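These notes concern the structure reproduced below.
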Protein chains: 2
Amino acid sequence: MTTPAPPPDQTLAFQAHDHSHCCGDLIARAQVIAGERGARLTPVRRRVLEILLEHHRALGAYEVLERLGQDGFGNQPPVAYRALDFLVEQGLAHRVARLNAFIACTHPGQDHSPAFLICRNCQAVAEAPGGGIHAAVETAASLLGFAVERTIIEALGLCPACQEAVE
Amino acid sequence: MTTPAPPPDQTLAFQAHDHSHCCGDLIARAQVIAGERGARLTPVRRRVLEILLEHHRALGAYEVLERLGQDGFGNQPPVAYRALDFLVEQGLAHRVARLNAFIACTHPGQDHSPAFLICRNCQAVAEAPGGGIHAAVETAASLLGFAVERTIIEALGLCPACQEAVE
DNA sequence: CCCTTGACTGTTACTGTATAACATAATTTA
DNA sequence: TAAATTATGTTATACAGTAACAGTCAAGGG
Ligand SMILES: [Zn+2]
Ligand SMILES: [Zn+2]
Ligand SMILES: [Zn+2]
Ligand SMILES: [Zn+2]
């Protein structure tokens with residue numbers, strides 16, 4: 001039997017897909033991206049990325065930390081925060097401000113500032129392209145004379161699957 | 001280059017203005033709005049709103065709490081959080097996710113979900129109308145089949161005054 | 001090959017943010 | 001006034017994030 005055609009990568013978090021393939025692929029790409037940037041994807045860092053990749057949802061630093069401890073890594077907060085900070089700096093993960101939590105990036109290597117779509121029912125988080133939104137923020141800000149350097153865009157609501165499940 | 005001057009109330013946080021008048025006005029309107037909604041603006045709640053109104057910047061719950069204690073109110077976290085939650089529910093204050101902090105609303109009573117413009121130099125926070133931005137978020141989300149219920153838009157950068165002060 | 005250097009990991013200890021749970025007091029409603 | 005509701009005060013604890021320092025590991029130069 002053949003696996004279904006891979007969905008457009010933008011709907012990844014909201015669709016059934018071959019997730020082990022999706023993870024494996026992203027880990028491999030992370031390895032390459034880190035190499036290109038002269039950064040080292042060490043065992044802890046790699047494991048943290050794997051943990052984040054297990055679900056398409058955001059995990060708190062302490063959730064990650066607990067898993068690390070179980071795997072024999074250090075189990076004190078700085079261990080998790082340092083690895084998470086590294087992944088965010090390298091563009092391999094994102095921080096979701098609303099949740100005080102972290103999520104693996106699904107489009108690494110494409111320097112971007114996405115909009116996060118957070119499902120309030122199943123907690124899945126997807127990245128939507130932020131281009132048009134940034135332009136709108138620019139417009140609104142320039143009317144007040146404000147110079148935007150970075151924007152945070154997070155939408156709460158229901159993902160496609162949960163719109164049917166919840167009414 | 002200069003942008004045309006926007007209506008005064010939108011630049012409130014970023015311009016010199018008669019702030020005691022601005023506070024007094026907002027407190028009075030809060031009283032009315034709460035009344036209309038059948039909510040009680042009790043002494044603690046009112047005091048918290050006054051504290052938030054003192055500056056056009058976001059305050060952490062514990063900053064608010066310290067002030068409350070000095071004024072003879074309870075000085076344990078739930079006292080502050082409950083009052084802050086009330087103000088947010090009633091649309092009299094907003095939570096700024098990026099800062100884990102709260103700010104008095106400058107346009108209460110006009111059910112809205114603004115974009116926050118956060119100055120990284122002077123910490124002032126202004127509310128910009130979110131209309132066009134929400135439309136852009138809607139568009140991006142609907143492409144993924146996501147139903148948006150609420151959006152968080154926060155821009156970091158420099159306010160007009162600080163653009164001159166900082167280079 | 002050994003030594004120096006810098007980067008990474010581990011640990012302690014601490015600050016800051018937020019909530020659960022329960023007791024008490026005030027207000028509304030019956 | 002009594003009961004129900006809403007609000008406040010307090011204790012205790014969970015969750016989020018950082019500073020500082022000690023040990024470890026992986027180059028790179030002699
Ligand atoms: Zn997947
Ligand atoms: Zn991404
Ligand atoms: Zn003012
Ligand atoms: Zn507002």
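The sequence lines fix the lettering, A, B, ..., with proteins before strands; numbering per chain opens at 1. What you are looking at is a predicted structure, and each value in this text was computed from that prediction instead of being measured.
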Rounded to whole Å, please give me the gap between CG in B:L41 and C1' in C:dT27. 16 Å

Return a table of donor-acceptor pairs under 3.5 angstrom between the side chains of residues 64-87 of chain A and protein atoms on other chains or two or more places apart.
| residue | atom | partner | partner atom | Å |
| --- | --- | --- | --- | --- |
| A:R67 | NH1 | A:E54 | OE1 | 3.0 |
| A:R67 | NH2 | A:E54 | OE1 | 3.3 |
| A:R67 | NH2 | A:E54 | OE2 | 3.2 |
| A:D71 | OD2 | A:R47 | NE | 2.4 |
| A:D71 | OD2 | A:R47 | NH2 | 3.1 |

Whole-Å distance separating the CG atom of B:L68 from the P atom of D:dG9: 9 Å

For A:F73 and C:dT11, give me the distance from atom CZ to atom P, rounded to whole Å. 12 Å

Between B:R47 (CZ) and D:dT8 (P), how many Å, whole number? 15 Å

Expressed as a whole number of angstroms, how long is the span from A:R40:CZ to D:dT24:P? 17 Å

Check A:I152, A:N100, A:I103 against A:R95 for a side-chain contact (heavy atoms from CB on, under 4.5 Å) and give me the one that passes. A:N100

Would you mind reading off the distance between B:E89 atom CD and D:dA7 atom C1', rounded to a whole angstrom? 13 Å

Taking 4.0 Å as the cut-off, does a side-chain nitrogen or oxygen of A:R45 come that near to OP1 or OP2 on C:dT9? yes

With sequence neighbours excluded, what pairs up with B:P108 under the side chain to side chain contact (heavy atoms under 4.5 Å, CB included) test? B:L26, B:R29, B:I33, B:L92, B:C105

What N/O pairs connect the protein and nucleotides 13-20 of chain D at under 3.5 Å? Give each pair on its own line.
| residue | atom | partner | partner atom | Å |
| --- | --- | --- | --- | --- |
| D:dA16 | N7 | A:Y62 | OH | 3.3 |
| D:dG17 | OP1 | A:R95 | NH2 | 2.1 |
| D:dG17 | OP1 | A:N100 | ND2 | 3.4 |
| D:dG17 | OP2 | A:Y81 | OH | 3.0 |
| D:dG17 | O5' | A:Y81 | OH | 3.4 |
| D:dG17 | N7 | A:Y62 | OH | 3.0 |
| D:dG17 | O6 | A:Y62 | OH | 3.4 |

Does the side chain of B:H19 come under 3.5 Å of the side chain of B:H55 through a donor N or O and an acceptor N or O? no

Centroid-to-centroid, B:H107 to B:H94, below 6.0 Å? no

Return the value, rounded to whole Å, for the distance between atom CG of B:L65 and atom C1' of C:dA18. 12 Å

Quick one: SG on A:C122 to CZ on A:F14, what's the gap to the nearest 0.5 Å? 7.0 Å

